[in-house]
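This report refers to the structure that appears directly beneath it.
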Amino acid sequence: MGDSRRGLSSTTQSRKIMVIADPTRESAAALQYALSHAVLEQDEIILVHVENNGGSWKNAFSSFLRLPSSISSSSSTSGSSPGAANANANTANTAASLASEIGQEEGNFLEQMRRICEIAQPKVRVHTECITMEGIKATAILLHGDKLGVDVIIIGQRRTISASLLGSRRPGGSLRGPKGVDTSEYLIENSKCTCVGVQKKGGQNGGYVLNTKTHKNFWLLA
């Protein structure tokens, strides 16, 4: 499967990459993967949050992801890096630093994620959208993705040990929508475009376990 950029970097055509934005560690890991491995500078990032009726997201998100002061200085250097390889390395390091920082900053998590995208990938267009869930969350995402004409959907995924070993679909679990539908797995199996489920392995350099319709439990090094 390899790097999500592979096979796509030969064209300069802009892609719309939708990242499902939630105040969770899984969503933060999906954003980190997108910024360091999937997004090209000509692409457009769309951060989409599906609104529901409950949940206090501020503490959950701010305890895991914030803008560290050290990243502000790196953003000015990454934009002026002379080589593409150095720029990619800076992007990967920046994304990793964002995920490893622990803080208590409060605020709109979508705005925080948008600012992180602009710092890690200053040339990429970024905008946020919040949609209301009617029925099953996964269906709302698919309908909105079709409306926007997205090319890639990236969503955080938490896998149980049994699911990771068997590579099978579970009736429920993390990121679960109403009626026991697992959002990430439903999107992977039913999306018209490529959908990547992202699980962050332990440690900053642990890499990712990726799942798509055709590739299961693919381990990508950080």
* Minimal non-hydrogen separation, G145 against M18, with atom names -> CA-CE, 3.6 Å
* Asked: After noting the C-alpha distance and the side-chain angles of L35 and I45, does the key distance pass the side chain to side chain contact (heavy atoms under 4.5 Å, CB included) rule?
  -> CA-CA 9 Å; L35 293 173; I45 298 176; 3.7 Å; yes
* Can you tell if the side chain of T183 reaches within under 4.5 Å of the side chain of I141, non-hydrogen atoms only? -> yes
* Asked: Atom OG of S184 and atom CD of E26: how far apart are they, to the nearest 0.5 Å?
  -> 9.5 Å
* Whether S36 side chain and Q32 backbone form a donor-acceptor pair below 3.5 Å -> yes
* Asked: Got a sec, which residues hit side chain to side chain contact (heavy atoms under 4.5 Å, CB included) with T128, two or more places apart in sequence or on another chain?
  -> L47, L110, R114
* First locate atom CH2 of W219, then atom NZ of K201, and finally report the distance between them rounded to the nearest 0.5 Å. => 6.0 Å
* Asked: Do the side chain of S191 and the main chain of T194 share a donor and acceptor less than 3.5 angstrom apart?
  -> no
* Structure fact -> One should read off an interatomic distance between H127 NE2 and C117 SG, to the nearest 0.5 angstrom, of 11.5 Å
* So, are K16 and D151 salt-bridged, with charged N and O less than 4.0 Å apart? -> no
* Structure fact -> The side-chain hydrogen bond (donor to acceptor under 3.5 Å, both in side chains) partners of H144 (sequence neighbours excluded) come to E129
* Structure fact -> On a heavy-atom basis, the closest approach of A29 and Y208 is O-CE2, 3.9 Å
* Heavy-atom donor-acceptor pair, H49 side chain to C130 backbone, under 3.5 Å -> no
* Asked: Taking C-beta and beyond as the side chain, do L40 and R15 meet within less than 4.5 Å on heavy atoms?
  -> yes
* **Nearest heavy-atom neighbours spanning A30 and G156** => CB-N, 3.4 Å
* Asked: Can you tell if the side chain of I155 reaches within under 4.5 Å of the side chain of V198, non-hydrogen atoms only?
  -> no
* Decide, yes or no, whether a salt bridge links K216 with E189 under the criterion of side-chain N to carboxylate O below 4.0 Å. => yes
* **Any residue meeting side chain to side chain contact (heavy atoms under 4.5 Å, CB included) with L143, in chain and number order, not counting sequence neighbours** => T139
* Could you tell me whether the side chain of N190 and the main chain of Y186 form a donor-acceptor pair under 3.5 Å? => yes
* Asked: Counting distance only, does the side-chain N/O of S14 pair as donor-acceptor with the main-chain N or O of Q42 below 3.5 Å?
  -> yes
* Tell me, with the steps shown, if V19 and V48 meet side chain to side chain contact (heavy atoms under 4.5 Å, CB included). => CA-CA 6 Å; V19 179; V48 174; over 6 Å; no
* Below 4.5 Å, heavy atoms only, C-beta onward: do V196 and I153 meet side chain to side chain? -> no
* Do E185 and Q157 come close enough that some side-chain heavy atom pair is under 4.5 Å? -> yes
* Asked: Is L220 close to Y33 at the side-chain level, that is, under 4.5 Å between some pair of heavy atoms?
  -> yes
* **Non-neighbouring partners of E41 that pass side-chain hydrogen bond (donor to acceptor under 3.5 Å, both in side chains), sequence neighbours left out** => none
* Asked: Are V209 and I188 linked, directly or through other ILVMFWY residues, by side chains that come within less than 4.5 angstrom of each other?
  -> no
* Asked: Salt-bridged, D182 to K137, with N to O below 4.0 Å?
  -> no
* Using the side chain to side chain contact (heavy atoms under 4.5 Å, CB included) rule, take L31 and I154 through it: C-alpha gap first, then chi angles, then the decisive distance, then the call. => CA-CA 8 Å; L31 181 62; I154 298 177; over 6 Å; no
* Structure fact -> In terms of heavy-atom contacts, Q13 and D43 come closest through O-OD1, 4.1 Å
